[in-house]
Amino acid sequence: MQPSHNPRELALQALQLRQPHEKVSALASLWQCAQSFEWTQATTSAVLTPNEALPGRPDKPVLVHPGQVPTRSVHTLQGRAALLHAICHIEFNAINLALDAVWRYPNMPTAFYMDWLRVAYEESTHFDMLAQHLHNMQPSAPWTYGDFEAHDGLWAMCEKTAADITARMALVPRTLEARGLDATPLIQDKLRKVATPDALETVALLDIILRDEIGHVAIGNHWYKHLCHIHKLDPVAYYGQLVDTYAAPKLKPPFNNAARIDAGFTEAELAYLLA
């Protein structure tokens, strides 16, 4: 990464990095830099331009249609590795999603940029620990990120909402990423029944991720409602409009209501999901 005094520029540079280990290292430096940065109007209002295709990512994993990703059985080591790889891929995408929010949207409060820089950094720690666990699952022939096919659903929604920050906050952190709050306990239950050392290690890592993801979804909720308040929009009714406009997935139960409430969803929003 080139030296810069603007964390938003550094976020764009990190987003354009292709190699995961370089991106993880850049996030550690970026988060440290942001702690002591003196934000100014010039920083937050700057209009930035990427000089490479977004996002920066390695040649692998091969990206396929979501319906073409092979089914993963938790009852085999390779199946558990494929499942872990899928979660790795989500976390790698989550790094990019958070960095994209930092550089793309000018004229937001300083707290907005600090929130999403923190999310990007925490997602990078998630990716790193999952990738290490994936590597350690089979010492004789270690797996690495990129060894299994994956899909691009998260980044596709990021691109669709690029020109509308309210839609981005509504449909990425509090829709697609919030789905992880629902899915994680179900995955953990399956792995606990398998009860192999690698499965139980994955369960423990998912505990850490679930804890942090509640905070990340809460950040998405906060800024979505902040933007709705500014534009005098009803958060529940407008969310439904955005789902239709951007063809966002209609979420289906079961929902992790306790985690969603911790992440800032209201009773009216939970009722909407069940309607």
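Here, residue 1 is the first one in the sequence, and each next residue gets the next number.
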Can any side-chain N or O of Ser25 pair as donor or acceptor with the backbone N or O of His21 at less than 3.5 Å? no

Can you hop from Val69 to Met157 via hydrophobic side chains spaced under 4.5 Å? no

Within a strict 4.5 Å, meaning less than it, do heavy atoms of the Asp244 and Lys250 side chains meet? yes

Please evaluate residues Arg57 and Leu63 with respect to the criterion side chain to side chain contact (heavy atoms under 4.5 Å, CB included), reporting the C-alpha separation (whole Å), side-chain torsions for both, the decisive distance (0.1 Å), and the verdict. CA-CA 11 Å; Arg57 53 188 169 194; Leu63 300 178; 3.7 Å; yes

Counterpart residues, side chain to side chain donor-acceptor pair (under 3.5 Å), relative to Thr161 (two or more places apart): Arg168

Would you say the side chains of His85 and Asp147 form a donor-acceptor pair under 3.5 Å? no

If you compare all heavy atoms of Leu176 against all heavy atoms of Pro249, which two are closest, and at what distance to 0.1 Å? CD2-CG, 3.5 Å

Over all heavy atoms of both residues, which pair between Ala170 and Leu242 is shortest? Give the atoms and the distance, please. CB-CD1, 3.6 Å

Which atoms form the tightest heavy-atom contact between Ala46 and Asn6, and what is the distance? CB-ND2, 4.3 Å

Looking at CG of Leu48 and CD of Gln13, how far apart are the two atoms once the value is rounded to the nearest 0.5 Å? 10.0 Å

Linking I/L/V/M/F/W/Y whenever any side-chain heavy atoms sit under 4.5 Å apart, do Leu274 and Val217 land together? yes

For Thr144 and Lys60: C-alpha separation, side-chain torsions, deciding distance, then whether side chain to side chain contact (heavy atoms under 4.5 Å, CB included) applies. CA-CA 10 Å; Thr144 61; Lys60 291 185 176 181; over 6 Å; no

Val119 to Ala98 - nearest heavy-atom pair and separation: CG1-CB, 3.8 Å

Residues forming a ring-ring contact (aromatic ring centres under 6.0 Å, His included) with His226, sequence neighbours excluded: Trp223

Minimum side-chain heavy-atom gap His135-Pro142 below 4.5 Å: yes

Hey, quick one: are Val64 and Phe92 part of the same hydrophobic cluster, counting side-chain heavy atoms closer than 4.5 Å, chains of contacts allowed? no

Report the distance from atom CG of Asn93 to atom CD of Glu123, rounding to the nearest 0.5 Å. 10.0 Å

Give a yes or no on whether a salt bridge exists between Arg80 and Asp198, defined as a side-chain N under 4.0 angstrom from a carboxylate O. yes

Looking at every heavy atom in both Asp100 and Trp155, which two are closest together, and how far apart are they? OD1-CH2, 3.7 Å

Check the hydrophobic clustering (I, L, V, M, F, W, Y; side-chain heavy atoms under 4.5 Å; chains of links allowed) and say if Leu251 and Leu186 are grouped together. no

Has Glu159 got more than 12 heavy atoms of other residues, nucleotides or ligands less than 6.0 Å from its CD? yes

Are Glu177 and His216 close enough that a side-chain donor and a side-chain acceptor fall under 3.5 Å? no

Hey, what else clusters with Leu205 if you join Ile, Leu, Val, Met, Phe, Trp, Tyr whenever side-chain heavy atoms sit under 4.5 Å? Val74, Leu77, Leu83, Leu84, Ile87, Met129, Leu130, Leu134, Met137, Trp143, Phe148, Ile187, Leu191, Val194, Val203, Leu206, Ile208, Ile209

Looking only at atom types and distance, does a side-chain atom of Thr166 sit under 3.5 Å from a main-chain N or O of Cys228, one as donor and one as acceptor? no

Start with the C-alpha gap between Glu9 and Trp103, add the side-chain angles, then the distance that decides, and say whether side chain to side chain contact (heavy atoms under 4.5 Å, CB included) holds. CA-CA 7 Å; Glu9 291 180 357; Trp103 83 266; over 6 Å; no

Would a distance-only check, ignoring hydrogens and angles, find a side-chain to backbone donor-acceptor pair under 3.5 Å from Lys23 to Gly56? yes

Between Val102 and Arg8, which heavy-atom pair has the shortest distance, and what is it? O-NE, 3.0 Å

Could you give all pairs that pass the ring-ring contact (aromatic ring centres under 6.0 Å, His included) test and reach residues 231-258, with sequence neighbours left out? Tyr239-Tyr272

Got a donor-acceptor contact below 3.5 angstrom from the Gln16 side chain to the Glu52 backbone? yes

Would you say Leu270 and Ile261 make side-chain contact, with heavy atoms under 4.5 Å? yes

Out of curiosity, does Leu54 fall in the hydrophobic cluster containing Tyr105 (side-chain heavy atoms, cut-off under 4.5 Å, transitive links)? yes

Mark yes or no for whether Asn256, through its side chain, and Ala183, through its backbone, hold a donor-acceptor pair below 3.5 Å. no

Taking only Lys NZ, Arg NE, NH1 and NH2, and the carboxylate oxygens of Asp or Glu, determine whether Asp182 and Lys252 approach each other closer than 4.0 Å. no

For the CG atom of Asp152 and the NE2 atom of His65, what is their distance to the nearest 0.5 Å? 11.5 Å

Could you check Cys33 against Leu10 for side chain to side chain contact (heavy atoms under 4.5 Å, CB included), going step by step and ending with a plain yes or no? CA-CA 9 Å; Cys33 161; Leu10 289 172; 3.8 Å; yes

Check whether any side-chain heavy atom of His229 sits under 4.5 Å from a side-chain heavy atom of Tyr224, and report yes or no. no

So, Thr76 versus Ser73: side-chain donor-acceptor pair below 3.5 Å or not? no

For the residue pair Trp39 and Thr43, establish whether any side-chain heavy-atom pair is separated by less than 4.5 Å. yes

Output for pair (Leu30 CG, Tyr121 OH), nearest 0.5 Å, gives 11.0 Å

Is the number of heavy atoms from other residues, nucleotides or ligands within 6.0 Å of CD (Glu38) greater than 12? no

Using the side chain to side chain donor-acceptor pair (under 3.5 Å) criterion, which residues pair with Tyr145? Sequence neighbours excluded. His89

Using the test salt bridge (charged side-chain N to carboxylate O under 4.0 Å, His left out), find all partners of Lys225 that sit at least two apart in sequence or belong to another chain. Glu269

Hey, are Asp128 and Gln132 close enough side-chain-wise for a donor-acceptor pair under 3.5 Å? yes

So, does Glu22 use its side chain to make a donor-acceptor pair with the main chain of Arg18 at under 3.5 Å? no

When rounded to the nearest 0.5 angstrom, what is the spacing between CG in Leu117 and CG in Leu99? 7.5 Å

How far does OG1 of Thr184 sit from CD of Glu213, to the nearest 0.5 angstrom? 7.5 Å

Check whether any side-chain heavy atom of Ile219 lies under 4.5 Å from a side-chain heavy atom of Met169, and answer yes or no. no

Does Ile165 reach the side chain of Met108, with side-chain heavy atoms less than 4.5 Å apart? yes

